[in-house]
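All values reported here derive from a predicted model rather than from experimental measurement. In what follows, chains are A, B, ... by sequence order, proteins preceding strands, each numbered from 1.
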Number of protein chains: 2
Amino acid sequence: MPDRHTLEETERAMKDHVGDLPLDFAAANALSNLFRAANAVRTELTNRVLRQHDMTWTGFVVLWVVWIWDGMETRHVAESADISKATLTGVVKTLEGRGLIVREGDERDRRLVRLRLTDEGTALMEQIYPEFNAVESEIVSQLSERKVSTFTRTLRDVVKAVELQTDARDEARDEA
Amino acid sequence: MPDRHTLEETERAMKDHVGDLPLDFAAANALSNLFRAANAVRTELTNRVLRQHDMTWTGFVVLWVVWIWDGMETRHVAESADISKATLTGVVKTLEGRGLIVREGDERDRRLVRLRLTDEGTALMEQIYPEFNAVESEIVSQLSERKVSTFTRTLRDVVKAVELQTDARDEARDEA
DNA sequence: AGCAGATCGTTCGGTAACAAACATTTTCCC
DNA sequence: GGGAAAATGTTTGTTACCGAACGATCTGCT
């Protein structure tokens, strides 16, 4: 077992293990690269930008969402940040402890909690986000403009493809 | 602040917050879709395949790597699974507790720890992986074959773009 | 031979992540 | 108007996740 493995070696090794079953290597390869790319970008942005401000990835994303949409309700923030509401509760607690965000009850519907940035939180985002976007830009600049738009469109197609499956499953469940 | 926001609304809201600074919206949009897609796929595979076997995403990935490359050293497993070695230690502990994997010292170099699947672990992978790959295949099948290969190539380009930055940074550090 | 430096996996401390169960509040429907 | 059902955010319990510091081991150099 060598240190690094080529795609071909991996495919052969896989075939040895699954036997005769037909596998979709192209799909496996595409999605494994999807995760690899997402991880690489996330790590790079964390190390290069967020770390200096002692900020985690999720903390930053939540802060960003609330920065853009001031006073947003928590369930929408969770959805926008692509995390569960349970996770959001914890993250907000951390950010609140650092004086970057505040929770605010809604008068009309007392189940709701709205989030706002403090002045400190706003100042932080005004400083961090341009840095963050500059690194995003640097990374993407390695691709041609044309490739970027195709890439973005395909990524959206992937999200849609998953939603299609999820919806079909939900409907099937509702039958029962 | 409406419930859902179009891309245009978000861009306008961002401009209101960053003022005159020039932002790279295309880059921000591409990368935000990258994370969205990765999350969606990961959640779908977890819910549809792994959950039934009481298996976490990372646990599965580690198991998969060790299944394919039997006896691999932990640092290489961590690298292949795209997690830190500290995380791997914890995950292996969990998998070991469930009797799916074993740790094995290396005779020659006693710092090393090699990982192997138990019979139970192997049996589990032989069952899960085909299911896993079938769902991967379903998701990707929404895209044309041509799109998939372009997509895969671009994802690799993104990984390379990040590595380029990382390497440049490392070299700059070595100067000092 | 012997010791400075590198390498390897683990531990530690702190944060993130989610499902499920929960209390509170609102809505729906008769 | 009143009770069932739905919606909202929090708590609980478990696992994942990483950087930094650590002890053990190996390598290279002289």
Side-chain angles (χ1 to χ4, degrees), chain A residues 3 35 38-40 42-48 50-63 66 72-79 81-98 100-115 174, chain B residues 3 35 38-40 42-48 50-63 66 72-79 81-98 100-115 174:
Chain A
D3 280 11
F35 299 120
N39 270 339
R42 179 176 161 152
T43 301
E44 177 77 0
L45 284 164
T46 300
N47 288 341
R48 246 178 98 188
L50 304 184
R51 177 176 305 290
Q52 287 152 295
H53 302 281
D54 196 26
M55 181 68 53
T56 65
W57 176 264
T58 305
F60 171 76
V61 173
V62 167
L63 231 44
V66 177
M72 201 185 222
E73 300 161 22
T74 60
R75 78 209 132 104
H76 293 138
V77 174
E79 195 192 340
D82 225 350
I83 57 177
S84 72
K85 53 191 191 162
T87 298
L88 180 61
T89 297
V91 172
V92 168
K93 199 173 292 177
T94 302
L95 295 172
E96 210 178 6
R98 293 180 49 184
L100 301 173
I101 212 171
V102 286
R103 298 164 61 260
E104 236 177 46
D106 185 296
E107 286 301 313
R108 308 239 188 164
D109 186 338
R110 293 170 50 202
R111 292 171 302 180
L112 303 185
V113 172
R114 294 177 176 281
L115 299 178
D174 285 351
Chain B
D3 279 12
F35 299 120
N39 271 338
R42 178 175 162 153
T43 301
E44 177 76 359
L45 284 164
T46 300
N47 288 341
R48 245 176 100 191
L50 304 184
R51 176 177 305 291
Q52 286 151 297
H53 302 280
D54 196 26
M55 180 69 51
T56 65
W57 176 264
T58 306
F60 171 75
V61 172
V62 167
L63 230 44
V66 177
M72 201 185 222
E73 301 162 19
T74 60
R75 77 209 134 105
H76 293 140
V77 174
E79 196 191 342
D82 225 351
I83 57 178
S84 72
K85 52 188 192 164
T87 298
L88 181 61
T89 297
V91 172
V92 168
K93 198 173 293 178
T94 302
L95 295 172
E96 211 178 4
R98 294 181 48 185
L100 301 173
I101 213 171
V102 286
R103 298 163 63 260
E104 235 177 49
D106 186 296
E107 287 301 315
R108 309 241 186 160
D109 186 338
R110 294 168 51 202
R111 293 170 301 180
L112 303 185
V113 172
R114 293 177 176 281
L115 299 178
D174 285 351

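Contact of B/Arg111 with D/dA24 (side chain to base): no donor-acceptor pair of N or O atoms is detected under 3.5 Å.
Straight-line distance from the CG atom of B/Asn47 to the P atom of C/dC18: 10 Å, rounded to whole Å. Between the NZ atom of B/Lys93 and the P atom of D/dT14 there is a distance of 16 Å, rounded to whole Å. Whole-Å rounding puts the A/Glu79 CD to C/dC18 P distance at 13 Å. Between the CG atom of B/Asp106 and the P atom of C/dT10 there is a distance of 13 Å, given to the nearest Å. Whole-Å rounding puts the B/Phe35 CZ to C/dA17 P distance at 12 Å. Nucleotide D/dT25 holds its C1' atom 10 Å from the CG atom of B/Leu112, rounded to whole Å. Between the CG atom of A/Asp54 and the C1' atom of D/dA20 there is a distance of 14 Å, rounded to whole Å. Rounded to whole Å, atom P of D/dG19 lies 15 Å from atom CH2 of A/Trp57.
For the pair B/Arg103 and C/dT10, the criterion of a side-chain N or O lying under 4.0 Å from OP1 or OP2 is met. Applying the 4.0 Å criterion to OP1 and OP2 of C/dC8, one finds that B/Arg75 has a side-chain N or O inside that range. In terms of phosphate contacts, A/Thr89 brings a side-chain nitrogen or oxygen within less than 4.0 Å of OP1 or OP2 of D/dT10. One finds a side-chain N or O of B/Ser84 lying less than 4.0 angstrom from the OP1 or OP2 phosphate oxygen of D/dC18.
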> Are A/Met72 and A/Glu79 close enough, and set up right, to give a side-chain contact (heavy atoms from CB on, under 4.5 Å), and what steps lead you there?
Replying inline: CA-CA 11 Å; A/Met72 201 185 222; A/Glu79 195 192 340; over 6 Å; no
> Would A/Leu115 and A/Arg103 count as a side-chain contact (heavy atoms from CB on, under 4.5 Å) if you check the C-alpha gap in whole Å, the side-chain angles of each, and the deciding distance to 0.1 Å?
Replying inline: CA-CA 5 Å; A/Leu115 299 178; A/Arg103 298 164 61 260; 3.8 Å; yes
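With salt bridges taken as basic N to acidic carboxylate O contacts below 4.0 Å, none links A/Asp106 and A/Arg108.
When heavy atoms are screened at a 4.0 angstrom cut-off, A/Ile83 is found touching the sugar-phosphate backbone but no base atom. A/Thr58 comes within contact range of the sugar-phosphate backbone alone, with a heavy-atom separation under 4.0 Å but no base atom that close. B/Thr56 comes within 4.0 angstrom of the backbone, heavy atoms only, and of no base. Here B/Thr87 lies in heavy-atom contact (under 4.0 Å) with a base.
When each of B/Thr94 and B/Ala86 is assigned the nucleotide of DNA chain D bearing its nearest heavy atom, the one mapping closer to the 5' terminus is B/Thr94. Between A/Gly90 and A/Arg51, the one whose closest nucleotide on DNA chain D sits nearer the 5' end is A/Gly90. DNA chain C is contacted by both A/Gly59 and A/Glu107; A/Gly59 maps to the nucleotide lying nearer its 5′ end (nearest heavy atom per residue).
Taking every heavy atom of both residues into account, A/Trp57 and A/Leu50 meet most closely at CA-CD1, 3.7 Å. The two residues B/Gly59 and B/Leu95 make their nearest non-hydrogen contact at O-CD1, 3.8 Å.
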